[in-house]
Amino acid sequence: MKNYLSALFICFCLSKVSAQKKTTIFIEAESFDNKGGWVIDQQFMDVMGSSFLMAHGMGKPVADASTKVIFPEAGDYFVYVRTRNWSAQWSDQEAAGQFKLLINGKALEKTFGADSAEWGWTHGGKVTLKKGEATISLKDLTGFNGRCDAIILTNDPAYKPIEDFKKLNDFRNEYFGFDQNPKDAGDFDFVVIGGGMAGTCAAISAARNGVKVALIQNRPVLGGNNSSEVRVHLGGRINLEPYPNLGNLVNEIGPEEGGNAQPKSYYEDDKKLNAVLNEPNISLFLNHHANKVEVNNGTINKVYAVNIETGEKVFFEAPLFADCTGDGTIGFLAGAEYMTGRESREVYNEPTAPEVADNLTMGASVQWFSEKAEEPVSFPDIKWGLPWNSEKAEEITKGDWEWETGMGLDMTLDFEQIRDYGMLAVYSNWSYLKNSEATKNKFAHENLKWVAYVAGKRESRRLKGDYVLIEQDLTEHRVYPDGTAPTSWTIDLHYPDPENSKLFPGAAFKSIAKHIKIYPYPIPFRCLYSKNINNLMMAGRDISVSHVALGTVRLMRTTGMMGEVLGMAASICKEKETSPRGVYENHFASLENLMQKGVGNPNLPAIQDYNLGGTLMEGEK
Amino acid sequence: MKSFLLILTLLAGLFSVFLEGETPVFRVKMQNGGYFQVFENRDSLGILKGYWSNIIAPVCEDSVCYNVDILFKWNLLGDFVAYETPEKSPLTKLDHIPFTPADNQKLQSILTNHDLIFTGMPAEKLIVKTKKEGIDGYSGATVTTIKEEVIEGALYTCYTLWHIANGPVVDSIRSHTKKLMDDQMIQEMLKMNNSKAHYFLINSLSETQYKNHLPVILKLTLEGKGYFPKNAFEKIPSHLFEQQGLQEFLIKNYHEYSYYTQMAILKKLQGVRLSKPLLLSLIEQLDERNSGQNQRIVNLVIANENKELLKVLGEEIRLKEVNLNSEQREKLEGLGIL
């Protein structure tokens, strides 16, 4: 792939040179040959246009990233870097994420990541280059999440980089030729978008039931919130009435150890990956972000995905799709009806719903932990952090799920701000603990070991199905004949922590949870497919539930079981040549049989005894 | 680790007070070798009401140790009910400070709570060790996430006592109660009026007891929440479904149950000779959507080989436009019904 890109660079440059004697070279940072200590962040690419490289060093500058570029002409080149000063939205002090650009080992005078608060091109001055190969490097200066999307080097003095991200995307596509030649990913019966627990289980379940599946995941690992990138443990119960064999697959691929914000090995990324790789019916597309959909008369024909590292485009054609993206991205792009925020009480008469609808969602968690070191460890006394004092200080060494923020903001459009604010709070607190007279001795040996840069979302879009599950269904145990995966966690809704809100008005970064116990409740199949997109099912937090009902179904053992059901339904869709609604209306008995049978290995011991949650089983009446 | 080892060592020395004149019904062994004796609690009429044990267990809080002297009480199901301590030997916290009434209230709620995080943690993870300045050793601070759950200064008292109250003794009590299950015990269970007792009942009754107490079991299914009715029907011995009384009960109440209870009932009716009125009432339950229930009802009618009923079945299917799958349709067409 890298060679392919290099070839494109050269072809374009040569043609440009021969036509205009001007050369403009566009380099995607995420395509660098050597990423060094920089990480690829794709979480906001639908908003700011691209994945990018980020120096997530948690206060320690990361190793340089570098790549080789061929310059067809010697001469003076103007340098532009697409970046931002992410901390500027909260502080006018020196920027958090600063870095240098090095060409052939020599740093440009300009420091990047220190100017505009918004994504944009920073002029880096002029360099004189020889014809031939040069090495471009990114040198992190701070270890605090400096970010670089792309670099332009041009010998055209009149050249103006494009700021509008949509036009810039057109430019990228034209430059690399991606739009002209998207690759056909292959022939599939079922395309699953999203490789969290829901999507992974959906893919495996379908594959084991004879369905040819493509599984698309926009990160390099599977597991989503349960991956080592986010580190939330599985929750809820499996193997419950009325389908005790649902959950066998969750038991098979889920981690043995529980705990949030624990060391990487707890989350057993490889176990999930190997489970998928062992299925001959699954084609796995890691590092692919689905961002375009072709729809005809309410039916999805194609889903396009972009490789978050190379930018290459791929399309997937299939009769059936599953939106396991969490954000309901595929449904949204396809024009599916969806819900966001909190419904007012009058919509469903839910006792827990607010009188007036609002945009309050549950937040996203940026978890973290420190480890004790033999020797004292320093941490920068940051000036760009939130104002901090002893009253605000959290004298702890681990930030669990309750380090949750973004409630009231848009979990798709504002997500970079949400994630960054979560990190800002962690860094601000830690800088205080490590440097203030009151606490520095106590925390002298503590080393900030891990801070999530992939934030763990709880809620965004909920796609509307033929039925919307509501609070009373759960609390009054109104079960329906099309019940599927049983949800067992409490109705667990999160709100901004009142104490934290007092200290940080309008910008709490901690949350509290309120619980309502329920009996295990089989989620109706009608909540698992779109009302108006004929061939779209969903599993995960984007299913058809009210905000209140989301409080229980969002737990990952439950979403994994939803995935198991989707895979079974996909096999019926294939066999009977029908739609998800057709399964509900005409073939539900077949799905009942498959749910009774289960899809995972039934002979494995039930070892996941962590985070089962309080549920009304036998003891209460 | 040091505190953990200390706890294990001390638990090994855990024992019950020997009481003259009382005979223990069983001893409960702890994993670490210690044990305590459990006694029956009967009322003046000799009816078993629960169990108790007087336990003396050494507990240490941050290297300060003392013997807990405590009387535990459980109900017939092995649920911890309450504790008592001698007036002269109250529970104490760190530095031998006696429990306040609020501490006792909190301990009572801890011992009856099964949703606590700290009870599921290994003992060595309950505290974070912090090096004491200038002192050769570590002091322990309770892990933040469980601080609210426990009594300050009595972490290991809470932990140790919870595991005694809710440990292997529970299964031992349940086994003992089950062995003694008779009509009197069944009445006691029914009086408890909670679904845990009722679940215990349906999991413990013999076939004869089911037969003798069927009306009351059926009544429980009408009142039970969650999946109790489904589980109860699954437990009722199959041959009892031949009974006219049970079939009449189903005619009257089948429609009251959830879909999943109905499915469990239909499964039980497979292979059972069913009355004509029951089959007719089941045919009425057919709905237009293809479902497992429709399949089972159709199969039951076919299996009972009654031409008149098959005709009614065909009419109902046509009238309600019941959506059958291809296998069902072929079967019924083969029988000349459709």
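Quick caveat: nothing in here was measured; it's all calculated off a predicted structure. Chain A is the first sequence line, chain B the second, and so forth, proteins listed ahead of strands; every chain is numbered from 1.
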Next on the checklist: Looking at B:Phe200, I'd like to know if the NZ or CZ of B:Lys178 sits under 6.0 Å from its six-membered ring centre while staying within 45 degrees of the ring's axis.
Outcome noted: no

Item to check | Ion pair check, B:Asp287 and B:Lys320, cut-off under 4.0 Å | outcome: no

Checklist entry - Which word best sums up how the rings of A:Trp403 and A:Phe509 line up, parallel for under 30°, tilted for 30 to 60°, or perpendicular for over 60°? => result tilted

Item to check | Which atoms of A:Lys576 approach chain B - backbone, side chain, both or neither, heavy atom under 4.5 Å | outcome: side chain

Next on the checklist: Using the side chain to side chain donor-acceptor pair (under 3.5 Å) criterion, which residues pair with A:Thr490? Sequence neighbours excluded.
Outcome noted: A:His515

Item to check | Cation-pi geometry met for B:Arg289 and A:Phe588 (6.0 Å, 45°) | outcome: yes

Checklist entry - Considering heavy atoms only, which positions within residues 256-268 of chain B lie below 4.5 Å of chain A? => result B:Ser258, B:Tyr259, B:Tyr260, B:Met263

Next on the checklist: For the CG atom of B:Leu338 and the CD atom of B:Gln328, what is their distance to the nearest 0.5 Å?
Outcome noted: 10.0 Å

Checklist entry - At a heavy-atom separation under 4.5 Å, does B:Asn231 approach chain A through its side chain, its backbone, both, or neither? => result side chain

Next on the checklist: Do the side chains of A:Glu499 and A:Lys510 get close enough for a salt bridge, i.e. N-O under 4.0 angstrom?
Outcome noted: no

Checklist entry - For A:Asp482, is it the side chain, the backbone, both or neither that has a heavy atom under 4.5 Å from a heavy atom of chain B? => result both

Checklist entry - Of the backbone (N, CA, C, O) and the side chain (C-beta and beyond), which part of A:Glu592 lies under 4.5 Å from a heavy atom of chain B, both, or neither? => result side chain

Checklist entry - For A:Tyr610, is the NZ or CZ atom of A:Arg557 found under 6.0 angstrom from the centre of its six-membered ring and inside 45 degrees of the ring axis? => result yes

